[in-house]
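Heads up, the thing below is written out as structure tokens.
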Protein chains: 4
Amino acid sequence: MARQRLSSTERRAQIAEAALRLLAERGARGLTAAALGAEVGLKDASLFKHFSDMGAIVAAAVDRFEAWLTDSLDRPEAEPLARLGGFFVHRQALLRARPEILRLAFDDRLVEAAAPTDRDRVRAILARSRALILDCLTAARAAGAVRADVPLEALQWTVMGAMRGAALHPDPPPPDAVWADILTLISPPDGDDR
Amino acid sequence: MARQRLSSTERRAQIAEAALRLLAERGARGLTAAALGAEVGLKDASLFKHFSDMGAIVAAAVDRFEAWLTDSLDRPEAEPLARLGGFFVHRQALLRARPEILRLAFDDRLVEAAAPTDRDRVRAILARSRALILDCLTAARAAGAVRADVPLEALQWTVMGAMRGAALHPDPPPPDAVWADILTLISPPDGDDR
Amino acid sequence: MARQRLSSTERRAQIAEAALRLLAERGARGLTAAALGAEVGLKDASLFKHFSDMGAIVAAAVDRFEAWLTDSLDRPEAEPLARLGGFFVHRQALLRARPEILRLAFDDRLVEAAAPTDRDRVRAILARSRALILDCLTAARAAGAVRADVPLEALQWTVMGAMRGAALHPDPPPPDAVWADILTLISPPDGDDR
Amino acid sequence: MARQRLSSTERRAQIAEAALRLLAERGARGLTAAALGAEVGLKDASLFKHFSDMGAIVAAAVDRFEAWLTDSLDRPEAEPLARLGGFFVHRQALLRARPEILRLAFDDRLVEAAAPTDRDRVRAILARSRALILDCLTAARAAGAVRADVPLEALQWTVMGAMRGAALHPDPPPPDAVWADILTLISPPDGDDR
DNA sequence: CATGAATGAGCTTTCATTCAT
DNA sequence: AATGAATGAAAGCTCATTCAT
């Protein structure tokens with residue numbers, strides 16, 4: 001196999017991405033320099049020409065993870081439930097496009113591999129999604145757009161449960177159909193309309 | 001401190017439990033023979049007097065995990081929603097009693113540590129809980145006890161989302177209150193009562 | 001070759017001593033875990049059962065070095081030149097008994113291998129010998145026992161030069177003969193006797 | 001900073017000199033291609049455009065060392081003690097001008113870094129200085145210019161001890177003052193003048 | 001002339017495991 | 001039943017060196 005020569009910028013991106021993949025597929029113990037090297041067609045030693053150590057690689061992987069999960073499409077100005085729906089559908093699409101990688105969003109594998117500093121970053125990234133959901137629901141409730149007979153947190157869990165359930169589903173349903181069902185669940189019960 | 005000499009049976013149990021704890025607290029990379037030995041007051045070498053190798057230890061840990069998650073209190077004969085409520089409340093109690101250990105139920109840490117065989121067993125254990133929920137909901141719908149305007153899976157995700165959300169909550173609400181909220185969410189909308 | 005089993009205490013001593021030897025014979029770059037292991041009949045990995053890391057090994061080697069160079073025979077109460085002569089002869093004997101190891105006393109090889117903390121310790125050990133010499137000479141001068149026509153330091157250099165020269169000599173002369181010559185050199189010139 | 005492009009000859013000299021400096025300051029383990037490159041403003045790989053390998057670099061450093069220690073000022077025709085005094089003062093000046101580098105003269109650091117061949121060269125270089133001293137002393141004794149009551153070697157050690165002591169002195173005394181003291185020490189004792 | 005990318009060999013260290021006591 | 005000493009394999013990382021640009 002001809003020795004691949006890539007620019008350092010490309011390599012760094014490639015390595016970070018491969019690290020995320022390995023982490024998702026084989027867990028923290030599967031993320032070794034040798035395995036990572038094999039993944040990108042390098043020897044283990046060569047990795048350290050691009051990153052100072054494994055910690056830096058994980059940090060770059062966390063950056064990458066953050067980039068994926070930072071929802072550029074989020075429109076804060078929108079009507080709260082529309083905003084939440086947009087987030088939900090967009091995030092579902094993401095989770096399906098990168099199933100191996102984004103499964104990391106649902107457990108602590110990335111947290112486990114990371115050094116304390118990055119650990120907090122990962123937690124913060126995940127917390128942001130939860131906060132966005134809760135924000136939208138809070139605003140929606142103020143506008144009477146969601147049911148008032150259960151605590152907001154119950155609604156948040158419903159949304160997050162659906163997110164997770166649909167993403168991990170072996171035969172995932174269309175995101176907007178799922179969102180429609182969520183809407184049905186969290187909307188004020190019928191009688192209120194009258 | 002006098003060297004502790006325990007019967008083999010006790011030791012095996014103690015080690016398996018400690019393995020679960022380590023796995024939950026420090027992840028797959030934190031489960032080393034030395035750490036595990038320290039946890040139970042043995043030297044690493046002594047572990048292998050009780051188990052043939054680390055794989056066997058993880059297998060025993062999976063047994064233990066299965067024992068915890070096998071709900072002895074489940075009463076199949078009960079009315080479906082009552083059965084589901086009983087399961088929910090009981091499981092919540094369990095998750096709070098063993099927070100460190102049972103966090104394993106929510107991610108793939110145990111899967112990661114396990115050899116392929118045990119991996120499937122863990123998946124099966126987790127699948128059983130999901131199946132129980134779905135069973136109850138299916139029966140309940142047949143009896144008209146849950147809303148019919150969303151797919152059963154949406155209801156399942158709602159229950160599981162609440163289970164997870166409540167268990168991971170920093171200041172967990174009383175299980176029966178959570179269950180009451182879930183009931184509200186999954187019950188048929190108001191108008192149907194007439 | 002039958003696997004040698006030694007008590008940890010013995011091993012530690014053996015390893016520390018071998019480290020000194022390697023350092024003296026092959027220099028800082030020759031002191032590798034593998035080489036050291038070979039020297040004592042162990043695999044490199046086994047060394048770390050007895051010492052936490054290479055730093056600890058070097059530290060133990062410095063201890064050993066210190067023990068050799070700490071002159072238990074020194075008698076502060078003696079007449080200064082007798083005390084210095086005793087030191088000189090005793091130290092010469094030592095340097096010949098352990099030529100490989102004690103060559104370390106004459107250059108910075110040990111300093112180079114050591115971590116900053118131990119580095120200072122080595123310097124202190126070497127400084128002690130120099131101080132002892134200077135002390136004796138100072139006292140001797142006060143008693144008119146050494147010549148007064150050159151600075152004390154010049155006398156100190158004479159003693160130290162002879163120490164080094166005699167120790168490194170391919171065919172080393174008897175220590176007391178050397179000492180006699182030094183005495184001749186540093187004594188007050190003839191005329192004083194009258 | 002614009003990439004420095006130097007002629008090969010200049011580079012070789014620069015690198016050899018930097019190697020000596022590194023060796024003196026950081027020891028054999030501090031002489032790495034990367035460190036050496038940094039010292040001269042090159043990348044490690046670029047060093048090997050000028051030298052075939054590290055061995056060649058050390059060899060060039062030994063050349064350099066030899067050049068420094070080859071005393072162009074030595075005048076064999078002079079009166080022996082004058083010749084020795086000239087050597088002493090000149091060498092002292094050298095040691096002070098290049099303290100970092102010439103400290104190499106006093107221990108085996110350079111020997112340690114060198115391959116066997118160069119090792120012998122270094123030893124030969126150092127032996128030359130010793131031989132010069134002994135030659136002068138031998139001639140001086142034949143002329144009755146030095147004391148006859150101690151072996152020549154003792155006088156040689158005195159000179160060398162002073163050389164070393166003065167060079168390593170934290171606050172070095174003027175070379176000719178030191179030489180005067182040496183003269184005092186090695187001259188025939190008073191009474192002989194009559 | 002100089003560099004950036006890559007490598008193989010070797011280093012320190014960790015880890016699961018074996019064996020004699 | 002438990003340990004202390006030892007090991008082989010593999011991990012993370014450094015280093016001299018090669019090669020294409």
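Proteins come first, then strands; the chains are lettered A, B, ... in the order of their sequence lines, and each starts at number 1.
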Checklist entry - So, the side chain of C/Arg12 versus the backbone of C/Phe51: is there a donor-acceptor pair under 3.5 Å, distance only? => result no
Item to check | Test item: B/Asp120 and B/Arg123 side chains (from C-beta on) under 4.5 Å apart, heavy atoms | outcome: yes
Item to check | More than 12 heavy atoms of other groups within 6.0 Å of C/Arg103 CZ | outcome: no
Checklist entry - Is C/Arg119 reaching over with its side chain to a backbone N or O of C/Val111, donor-acceptor style, under 3.5 angstrom? => result yes
Item to check | B/Lys43 NZ - E/dT17 C1' separation (whole Å) | outcome: 17 Å
Checklist entry - In Å and rounded to the nearest 0.5 Å, what is the CG to CZ distance from B/Leu22 to B/Arg109? => result 11.5 Å
Next on the checklist: Between C1' on F/dA11 and CG on A/Leu36, what's the gap in Å once rounded to a whole number?
Outcome noted: 13 Å
Next on the checklist: Is there a side-chain contact between D/Ser46 and the phosphate of E/dT3, meaning an N or O under 4.0 Å from OP1 or OP2?
Outcome noted: yes
Item to check | Distance in angstrom units between B/Phe51 CZ and F/dA1 P, rounded | outcome: 13 Å
Checklist entry - Quick one: is F/dG4 close enough that its OP1 or OP2 comes under 4.0 Å of any side-chain N or O from C/Ser8? => result no
Checklist entry - What is the pairing partner of F/dT14, taking Watson-Crick or G-U wobble pairs with both distances under 3.5 Å in any strand? => result E/dA9
Checklist entry - F/dA20 pairs with which nucleotide, Watson-Crick or G-U wobble, both distances below 3.5 Å? => result E/dT3
Checklist entry - Looking only at atom types and distance, does a side-chain atom of B/Glu66 sit under 3.5 Å from a main-chain N or O of B/Ile125, one as donor and one as acceptor? => result no
Next on the checklist: Measuring from the side chain of A/Arg11 (C-beta onward, heavy atoms only), which nucleotide among E/dA6, E/dC1, E/dC19 has the closest atom?
Outcome noted: E/dA6
Checklist entry - Where each residue is assigned the nucleotide of DNA chain F containing its nearest heavy atom, which of C/His50 and B/Leu47 is assigned the position nearer the 5′ end? => result B/Leu47
Next on the checklist: Please pick, from E/dT3, F/dT3, F/dA5, the nucleotide with the shortest atom-to-atom distance to any side-chain atom of D/Leu42.
Outcome noted: E/dT3
Which atom pairs link the protein and nucleotides 14-16 of chain E when you take only N or O atoms and keep those under 3.5 Å?
from	atom 1	to	atom 2	distance (Å)
E/dA16	OP2	B/Ala33	N	2.6

